[in-house]
Amino acid sequence: MSENGDSPAYPFVCENHSQTQTADCGLTKREVIAAMAMQGLVAHPSNEPRISQYATEAVKFADALLAELERTKKP
């Protein structure tokens, strides 16, 4: 997994115990992409859907997209 996937999807400055930081604020790009993939999987279920399968597949989609974006990144 790349650092890109662990960076904030919608970065903003937040207050966290007397420190101003962005690292622990909001969802990561990987989490947002996985959530979007899961929405699509749930909207079009297979014959015998299992909730755990949706989660596993959604994360695989997210990781695949992040890897492809990293691979095709322009210099």
Side-chain angles (χ1 to χ4, degrees):
M1 161 95 91
S2 69
E3 285 184 29
N4 187 30
D6 290 330
S7 61
Y10 307 104
F12 63 94
V13 176
C14 65
E15 299 285 331
N16 186 3
H17 306 290
S18 77
Q19 292 179 330
T20 302
Q21 58 184 348
T22 58
D24 295 332
C25 301
L27 298 172
T28 66
K29 291 177 183 179
R30 184 178 190 230
E31 291 167 336
V32 170
I33 295 167
M36 290 177 182
M38 192 165 194
Q39 285 178 329
L41 292 168
V42 172
H44 301 285
S46 62
N47 294 337
E48 295 183 31
R50 291 187 183 163
I51 292 172
S52 63
Q53 287 176 321
Y54 288 140
T56 300
E57 291 302 311
V59 171
K60 286 180 184 178
F61 278 112
D63 289 343
L65 177 58
L66 288 165
E68 182 64 14
L69 290 171
E70 189 65 29
R71 188 184 74 75
T72 60
K73 186 190 270 185
K74 294 181 181 180

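Not measured: the values here are computed from a predicted model.
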The side-chain contact (heavy atoms from CB on, under 4.5 Å) partners of Val32 (sequence neighbours excluded) come to Ala9, Tyr10, Leu27, Met36
Considering all heavy atoms, the nearest Thr28-Glu31 contact:
N-OE1, 2.8 Å
Can you sort out the partners of Thr56 under side-chain contact (heavy atoms from CB on, under 4.5 Å), two or more places apart, ordered by chain and number?
Lys60
How long is the gap from CG on Asp63 to CZ on Arg30, to the nearest 0.5 Å?
4.0 Å
Residues that Leu41 engages under side-chain contact (heavy atoms from CB on, under 4.5 Å), provided they are two or more places apart:
Tyr54, Glu57, Ala58, Phe61
